[in-house]
**Student:** 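Please see the structure below; I have some questions.
Each chain gets a letter, A, B and so on, in the order the sequences are listed, and its residues count up from 1.
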Amino acid sequence: MALKLYNTLTRRKEEFRPVNPPQVKFYVCGPTVYDYIHLGNARVFIVFDVIRRYLQHRGYRVMLVQNYTDIDDKMIQRAAEQGFTVPELAERFIDAYEADVRALKVKPADIQPRATGHIPQIIALIGRLVEKRAAYPSGGDVYFDTAGYENYGALSHQKREELLAGARVDPGEKKRNPLDFVLWKQKKPGEPAWDSPWGAGRPGWHIECSAMAMHYLSETIDLHAGGADLIFPHHENEIAQSTAATGSPFARYWLHAGYLNIDDAKMSKSLGNVLTVRELVKEHHPLDLRFLILSAHYRSPLNFNSELVEASRSGRQRLQEMVDNLNRALPGAGAASAAAESRLQAALEQARFRFTEAMDDDFNTAGAVAVLFELGRDCNIYLKEGYPYQRGLLEKAIGFYREANKILDILEMENPGELEHDIREAIARREKARCRKDWTEADRIRDALLARGVILEDTPYGTRWKKKA
RNA sequence: GGCGACAUAGCCAAGUGGUAAGGCAGAGGACUGCAAAUCCUUUACCCCCGGUUCGAAUCCGGGUGUCGCCUCCA
């Protein structure tokens, strides 16, 4: 079965064919580190984290590069406002980024280069463009000449004239053409700057990604990804400058994550509805946020509000408890019997197939999650009716969830562990009370344990406990 | 104005032309000392109007509505 993915460039689902299988060269546009990341940023990183993991699961050797934009107008402005130097600001928010994203179970990229660490590569790339007359110096700046690049607009599917109609023309611009974009920006007093053949200055926004992608991956990479709002101008410009420099296609597949809205409104400073991950994880379990994000398709717009997280919490809880119960059943399970023929056995095979089928279809995580629930029902039935359990069957079921969770990472797969000694004793005391039908005492103990965060559930095979979520 | 996406139950959300996955919430039932959990049952003129087809949520045309991009933005 083939893996298909939607390519923004062609607007089609295409079969995934990397340049050099099993290698996959993957570049994701990372954060500008001037502030804490918000949930919209988080969606992008979560979604591409899952895509990366799925590619690995499919046997690809993925090399993931994700940059930090640590120099640009916003960085300079914010640093000035807060009385930091630009590098200090970057340091601070790179740390914050790493902590936030770790909470959301996003694995770090293989390489996380910073723009300021790659000024020579950036200057060299600009040099190539100037040499080829694809770019021109103008009054201390260097601009990319969009008029000389034929396919400008290919990614955003806009014609040059159409883009031109909406382009802003500032008086005093040093551009030849309103669509031209800056590759190198002349230093203004007090700004951080590096020496270059065109004078002191700093890189423009788009050029860093091209330079670093080429430096760490290759001139033609397999996957390039980011949020949907990067399609124009950022990715369009990356394509133009990279292709103009190398003559080779820059990326085979362009992947873009959909927007995340808050209460059906776009997240924006002016509406005051920007939700940072930092704040959200104080109120919600990070895995509930991750689960919510993965329960929609990555290209669809996704709405966010607290009711939706609540619904996700309930759903995820159901899966979590089911998996915990599988784990708890394991120690008491009997040896594998030969005749493992059961409904669960068949359901497991179905689930494996359907999970892959969903993920192969442009990373349909919503479909994949549905498979987890469907199998979950069968597992619950088995836990209820399959006693005494067969070890092999339980192991297979746990194995499936473990594998799926290596990709989605929405559940805690570790064994729930043991309770403190005194709590175990309390549970035993309650059992005795229940045997002599002393319901008052039994309920008293149950309430006391609840106050300590332990919930008890009585089943036909004994009392089960879980920690309060 | 140009370009584009989307419209599926109370809510969220899959869906590859062949009588509509899954989740949340609700209702009823089973189990239970009570609870919790779990299981069973239950809820859809797939935005509207045409067309193609034996057959359309799915394809085509036309509406309507929502959102996005065209400007820094994940």
**Student:** Once you round it to whole Å, what is the distance between C1' of B:C12 and CG of A:Leu289?
**Tutor:** 15 Å
**Student:** Which one, B:C3, B:G22, B:A14, comes nearest to the side chain of A:Ser300?
**Tutor:** B:A14
**Student:** Heavy atoms from C-beta onward define the side chain here; which of B:G68, B:C40, B:G22 lies closest to that of A:Ala370?
**Tutor:** B:G22
**Student:** Could you tell me whether A:Leu456 contacts a base, only the sugar-phosphate backbone, or nothing, with contacts defined as non-hydrogen atoms closer than 4.0 Å?
**Tutor:** base
**Student:** Tell which nucleotide pairs with B:G33, taking only Watson-Crick or G-U wobble pairs whose two distances are both under 3.5 angstrom.
**Tutor:** none
**Student:** State whether A:Ser314 places a side-chain N or O below 4.0 Å from either non-bridging phosphate oxygen (OP1 or OP2) of B:A25.
**Tutor:** yes
**Student:** Taking atom types as modelled, is there a side-chain donor on A:Asp141 or A:Tyr143 under 3.5 Å from an acceptor on the other?
**Tutor:** yes
**Student:** Anything under 30° is parallel, anything over 60° is perpendicular, the rest tilted; go ahead and classify A:His206 against A:His234.
**Tutor:** tilted
**Student:** With a non-hydrogen cut-off below 4.0 angstrom, is A:Gly315 in contact with a base, only sugar-phosphate, or nothing?
**Tutor:** sugar-phosphate
**Student:** Think A:Arg299 has a side-chain N or O under 4.0 angstrom from the OP1 or OP2 of B:G68?
**Tutor:** no
**Student:** Looking at A:Arg11, I'd like to know whether one of its side-chain N or O atoms comes within less than 4.0 Å of OP1 or OP2 on B:A5.
**Tutor:** no
**Student:** Just name whichever nucleotide pairs with B:C59, Watson-Crick or G-U, keeping both distances under 3.5 Å, else none.
**Tutor:** B:G51
**Student:** Should B:A20 form a Watson-Crick or G-U wobble pair with both distances under 3.5 Å, which nucleotide is its partner?
**Tutor:** none
**Student:** Decide yes or no, distance alone: a donor-acceptor N/O pair under 3.5 angstrom between the base of B:C67 and the side-chain of A:Asp264.
**Tutor:** no
**Student:** With a 3.5 Å cut-off and heavy atoms only, can you find an N or O donor on one side and an acceptor on the other between the side chain of A:Arg316 and the base of B:C24?
**Tutor:** no
**Student:** Take atom OH of A:Tyr382 and atom P of B:C39, then tell me their distance rounded to the nearest Å.
**Tutor:** 16 Å
**Student:** Is there a stack between A:Phe373 and B:G22, judged by ring centres under 5.5 Å and planes under 30°?
**Tutor:** no
**Student:** Under 3.5 Å, is there a donor-acceptor pair linking the side chains of A:Asp324 and A:Gln320?
**Tutor:** yes
**Student:** Determine the interatomic distance between P on B:U16 and the same-named atom on B:G29; round to the nearest Å.
**Tutor:** 39 Å
**Student:** Check the phosphate of B:G15 against A:Asn364, side-chain N and O only, distance under 4.0 Å to OP1 or OP2. Yes or no?
**Tutor:** yes
**Student:** Are OP1 or OP2 of B:U32 and a side-chain N or O of A:Arg434 less than 4.0 angstrom apart?
**Tutor:** no
**Student:** With a 4.0 Å limit, can you tell me whether A:Lys384 has a side-chain N or O closer than that to the phosphate oxygens OP1/OP2 of B:C40?
**Tutor:** no
**Student:** Can a side chain N or O of A:Arg318 be found less than 4.0 Å away from OP1 or OP2 on B:U38?
**Tutor:** yes
**Student:** Could a donor-acceptor pair under 3.5 angstrom be found where the side chain of A:Arg464 meets the base of B:A36?
**Tutor:** no
**Student:** Please evaluate the base of B:G68 for a donor-acceptor partner in the side chain of A:Asp229 within a cut-off of under 3.5 Å?
**Tutor:** no
